[in-house]
There are 2 protein chains.
Amino acid sequence: MDIKAVVGRNVKQHREAKGLSQEQLAFEADLHRTYVSGVERGIRNPTVLIVAKLANALGVEPSKLLELND
Amino acid sequence: MDIKAVVGRNVKQHREAKGLSQEQLAFEADLHRTYVSGVERGIRNPTVLIVAKLANALGVEPSKLLELND
DNA sequence: ATGTGACTCATAGTCCGTA
DNA sequence: CTACGGACTATGAGTCACA
């Protein structure tokens with residue numbers, strides 16, 4: 001039950017659902033390409049501010065990115 | 001729409017609903033007393049790992065702490 | 001288009017206090 | 001019991017070259 005992995009999976013899922021590349025998402029969220037990559041792989045431990053940025057770029061609520069819908 | 005303030009409000013709300021003091025919550029979540037204080041005041045920008053710790057100590061899902069239920 | 005290690009610099013998070 | 005400050009140490013933010 002690793003929260004970082006949960007966030008990573010949710011980001012990837014919503015990103016692909018929107019048909020975006022990591023680079024495009026990174027641009028929209030005003031983040032770096034490699035950083036987004038790290039988040040999706042569950043290696044990064046992002047702050048709530050980063051989660052909010054990603055959620056905003058993905059058009060979903062921040063809380064959605066923390067949900068573990070196995 | 002400050003995400004930090006949202007988290008702070010939710011933590012405080014759930015903490016008081018459980019009848020815990022900040023010190024007790026800090027102990028349960030294995031965090032520092034002053035840090036929990038800062039989170040509730042919305043001046044801290046916690047990581048998702050910290051959010052998960054607090055959620056666990058409060059007995060709620062991590063995503064609950066990011067919800068803005070106006 | 002993405003994964004990865006290494007890096008600098010900012011800040012997350014701790015610990016000492018006072019009111 | 002809580003707010004708030006100041007001084008620390010650990011780790012996240014943000015970037016790069018390269019596979």
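Predicted model, so just to flag it, every value in this text is computed and none were measured.
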Spacing of A/Ile50 atom CD1 and A/Asn45 atom CG [to the nearest 0.5 Å]: 11.0 Å

Pairwise distance NZ(A/Lys64) to CD(B/Glu67) - rounded to 0.5 angstrom: 9.0 Å

Hphob cluster co-occupancy, B/Val11 + B/Leu68, side-chain heavy atoms under 4.5 angstrom: no

B/Leu25 side, atom CG; B/Leu58 side, atom CG - distance, nearest 0.5 Å: 5.0 Å

Intermediate values then yes/no, side chain to side chain contact (heavy atoms under 4.5 Å, CB included), A/Val60 and A/Leu65: CA-CA 8 Å; A/Val60 299; A/Leu65 298 183; 4.2 Å; yes

Comparing A/Lys53 and B/Lys12 on DNA chain D - which has the more 5′ nearest nucleotide: B/Lys12

Residues which pass salt bridge (charged side-chain N to carboxylate O under 4.0 Å, His left out) with A/Lys4, listed by chain and number, not counting sequence neighbours: A/Asp2

Any pair counted as salt bridge (Lys or Arg N to Asp or Glu O under 4.0 Å), so long as it reaches residues 44-61 of chain B, sequence neighbours left out: none

5' to 3' contact window, DNA chain D with chain B (heavy-atom distance under 4.0 Å): D/dC1 to D/dG12

Using a cutoff of under 3.5 Å, can you pull out all pairs of nitrogen or oxygen atoms linking the protein to nucleotides 17-19 of chain C, with atom names and distances?
{"unit_1": "C/dG17", "atom_1": "O6", "unit_2": "B/Arg33", "atom_2": "NH2", "d": "3.4"}

Sugar-phosphate, base or nothing in reach of B/Glu23, heavy atoms under 4.0 Å: base

Side-chain donor-acceptor contact under 3.5 Å, B/Ser37 with B/Arg41: yes

Salt bridge (charged side-chain N to carboxylate O under 4.0 Å, His left out) involving A/Arg15 - partner list, sequence neighbours excluded: A/Glu40

Contact list (N/O, under 3.5 angstrom) for nucleotides 10-13 of chain C vs protein:
{"unit_1": "C/dA12", "atom_1": "OP1", "unit_2": "B/Asn45", "atom_2": "ND2", "d": "3.1"}
{"unit_1": "C/dA12", "atom_1": "O5'", "unit_2": "B/Asn45", "atom_2": "O", "d": "3.4"}
{"unit_1": "C/dG13", "atom_1": "OP1", "unit_2": "B/Thr47", "atom_2": "OG1", "d": "2.8"}
{"unit_1": "C/dG13", "atom_1": "OP2", "unit_2": "B/Tyr35", "atom_2": "OH", "d": "2.4"}
{"unit_1": "C/dG13", "atom_1": "OP2", "unit_2": "B/Thr47", "atom_2": "N", "d": "3.3"}
{"unit_1": "C/dG13", "atom_1": "N7", "unit_2": "B/Arg44", "atom_2": "NH1", "d": "2.5"}

Residue A/Phe27 excluded, over 12 heavy atoms near CZ under 6.0 Å: no

